[in-house]
Amino acid sequence: NLVLQSDNIGTTWSKENLILTSYTDVTASPDGKSTADKMIEDTSNTQHRIYQYVTHTASTSITGSAYVKAAGRNHASVFLYNATNSVVAGAVIDLTNGTLSNTVGTVSAVSAGNGWYRVQATGTPTITSTGLHIYTANGTGNVTPSYAGDGTSGVYVWGAQLEQAAFASSYIPTTTATVTRAADSLSYSLASNVNDSEGSTAVDVTTEWSGGTGWDAYFYDSSLDQQRFAMWHWSGSNNLMVVDRDGNGGVRNNYDSNVI
């Protein structure tokens with residue numbers, strides 16, 4: 001995540017035409033902690049926004065994302081702009097139902113529950129500086145909404161992220177420095193849940209990239225420090241391979257998607 005202070009708009013972020021009192025850590029964020037901030041519009045008849053620019057490699061995909069929720073205003077505008085103020089990607093979101101409008105680039109909105117939506121926007125800027133801009137909005141009419149605020153309404157924001165990638169990864173919190181997270185890894189103990197001699201397992205995986213090395217799922221015997229069973233999906237192939245190991249680290253059987 002190239003954005004600094006990803007869940008604290010009171011510090012590194014530039015802010016325009018917002019009320020800057022009692023606006024940080026005011027409500028529960030999608031992770032259940034009270035770390036979400038509120039963008040409170042002032043009464044100016046203009047744009048009400050926050051933004052932050054980062055440096056990256058030119059002419060490569062960059063994805064910005066942020067969690068937003070209605071707080072008196074039912075719309076927000078989430079956009080990427082390059083340093084010459086050209087739109088890279090983004091959309092206006094209706095926070096009552098997640099509908100997107102004024103879409104530029106590849107944009108999606110995913111419900112995070114409790115009224116929160118994660119907006120994700122991907123584009124390919126041709127220069128090395130891009131900013132994530134978030135606006136309060138009074139409707140769907142403009143990607144840079146400008147209107148007279150009422151001094152109390154706005155939107156909640158949390159979990160801002162900018163990454164040099166063609167899709168949004170899981171949220172990576174930052175404070176005073178950029179952060180590169182380790183690969184996502186989910187583990188679950190089978191002790192007392194599957195008997196020692198038989199059982200069945202299902203994995204439902206949706207990938208969001210076309211390159212990389214694919215995905216894998218291991219079922220591990222920690223007492224022997226060995227894989228006992230594995231499922232693989234190789235990059236550049238639609239085949240799924242299941243590997244049945246013999247308990248000594250060797251492969252007993254391989255099954256690909258032409259067989260299973």
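Along the sequence shown, residues are numbered consecutively beginning with 1. Model, not experiment: these values are computed from the prediction.
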With side chain to side chain donor-acceptor pair (under 3.5 Å) as the criterion, how do Ser29 and Thr35 come out once you've worked through the C-alpha distance, each side chain's angles and the decisive distance to 0.1 Å?
CA-CA 6 Å; Ser29 56; Thr35 54; 3.2 Å; yes
May I ask you to test the His75-Asn138 pair for a side-chain heavy-atom distance under 4.5 Å?
no
Between Glu163 and Ile62, is there a donor-acceptor pair closer than 3.5 Å when you use the side chain of the first and the backbone of the second?
no
Return yes if a side-chain donor-acceptor contact under 3.5 Å exists between Thr57 and Gln164, otherwise no.
yes
Is any side-chain heavy atom of Ser86 less than 4.5 Å from a side-chain heavy atom of Tyr81?
no
What distance separates Ser77 OG from Asn102 CG, expressed to the nearest 0.5 Å?
7.5 Å
Please report the C-alpha distance between Thr136 and Tyr147 in whole Å, then the side-chain angles of each, then the deciding distance to 0.1 Å, and finally whether the side-chain contact (heavy atoms from CB on, under 4.5 Å) criterion is met.
CA-CA 10 Å; Thr136 65; Tyr147 62 95; 2.7 Å; yes
ILVMFWY network linking Val92 to Val119, side-chain heavy atoms under 4.5 angstrom
no
One pair to check against side chain to side chain donor-acceptor pair (under 3.5 Å): Tyr135 and Ser146. What are the steps and the verdict?
CA-CA 9 Å; Tyr135 300 78; Ser146 181; over 6 Å; no
To the nearest 0.5 Å, how far apart are CZ in Arg118 and OG in Ser170?
7.5 Å
Side-chain contact test, heavy atoms from C-beta onward, threshold under 4.5 Å: evaluate it for Thr84 versus Ile127 and give yes or no.
yes
Can you list every salt bridge (charged side-chain N to carboxylate O under 4.0 Å, His left out) pair that touches residues 36-63, not counting sequence neighbours?
Glu16-Arg49, Glu41-Arg73
Could you check if a side-chain atom of Ser34 sits within less than 4.5 angstrom of a side-chain atom of Asp25, using non-hydrogen atoms only?
no
For Ala58, is there any backbone N or O sitting under 3.5 Å from a side-chain donor or acceptor partner on Thr128?
no
Treating Asn17 as the side-chain partner and Gln47 as the backbone partner, does any N or O pair qualify as donor plus acceptor under 3.5 Å?
yes
So Phe79 and Thr144, side-chain contact (heavy atoms from CB on, under 4.5 Å) or not? Walk me through it.
CA-CA 9 Å; Phe79 270 84; Thr144 55; over 6 Å; no
Worked verdict on Thr124 versus Thr60 for side-chain contact (heavy atoms from CB on, under 4.5 Å)
CA-CA 5 Å; Thr124 307; Thr60 60; 5.6 Å; no
If you round to the nearest 0.5 Å, how far is CG of Asp7 from OG1 of Thr24?
10.5 Å
Is there side-chain contact between Tyr23 and Leu18, with at least one heavy-atom pair below 4.5 Å?
no
Taking it one step at a time, do Ser14 and Gln52 satisfy side chain to side chain donor-acceptor pair (under 3.5 Å)?
CA-CA 6 Å; Ser14 297; Gln52 185 177 152; over 6 Å; no
Hey, can you pull the donor-acceptor pairs under 3.5 Å for the side chains in residues 108-115, sequence neighbours left out?
from	atom 1	to	atom 2	distance (Å)
Ser111	OG	Gly113	N	3.3

Under a single-linkage definition using a 4.5 Å side-chain heavy-atom cutoff for Ile, Leu, Val, Met, Phe, Trp and Tyr, are Ile9 and Leu95 assigned to the same hydrophobic cluster?
yes
Can a donor-acceptor pair be found, under 3.5 Å and without considering hydrogens, that links the side chain of His56 to the backbone of Val54?
no
Side chains of Thr175 and Leu4, heavy atoms from C-beta outward: is any pair under 4.5 Å?
no
Below 4.5 Å, heavy atoms only, C-beta onward: do Leu132 and Tyr51 meet side chain to side chain?
no
Minimum side-chain heavy-atom gap Tyr156-Tyr67 below 4.5 Å:
no
How far does OH of Tyr171 sit from CD of Gln161, to the nearest 0.5 angstrom?
7.5 Å
Can you confirm whether the side chains of Thr63 and Thr122 place a donor and an acceptor under 3.5 Å from each other?
yes
Distance col, row Leu162:CG vs Ser6:OG, nearest 0.5 angstrom, shows 11.0 Å
